[in-house]
Amino acid sequence: MMMLLALAAAAAVGVAVGWLLATAVQPGRQTSASALPPSEGRPRLDSALEELRHRYARGEIDREEYLQRKIDLETDWD
């Protein structure tokens, strides 16, 4: 009887873990950043920040320049 209960508990845990993994990697699922409502300037800002991160990663700019440009890009000048 205890063995049957242990097998049922293990099966429940396995199903729960499988469900969590399946929903985490579901194709077409929106990430938290893409789930935000779109704004007019957003795609351009996202691509600019992405390019900035790439330049920093390649060593084309130093940390100080990266941080200053990131602040400049994220500041709402309106």
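Start at 1 with the first residue, then count along the sequence. Here the structure is a predicted model, which is why all the values come from computation and not from measurement.
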Please identify each residue that fulfils side-chain contact (heavy atoms from CB on, under 4.5 Å) with R55, with sequence neighbours left out.
E51, R58, E60, I61, R69
Let's go through L5 and M1 carefully: what are the C-alpha distance in whole Å and the side-chain angles of both, what is the deciding distance for side chain to side chain contact (heavy atoms under 4.5 Å, CB included) to 0.1 Å, and is it a yes or a no?
CA-CA 6 Å; L5 185 58; M1 182 69 164; 6.0 Å; no
Out of curiosity, L73 CG to S47 OG, how far, rounded to the nearest 0.5 Å?
9.5 Å
More than 12 foreign heavy atoms under 6.0 Å from CD of E74: is that the case here?
yes
NZ-CG distance between K70 and L49, expressed to the nearest 0.5 angstrom:
7.0 Å
Within the structure provided, determine whether Q68 and D72 are in side-chain contact (heavy-atom separation under 4.5 Å).
yes
Is there a side-chain contact between R53 and Y66, using heavy atoms and a 4.5 Å cut-off?
yes
How close do T75 and I71 get, heavy atom to heavy atom, and via which atoms?
OG1-O, 2.6 Å
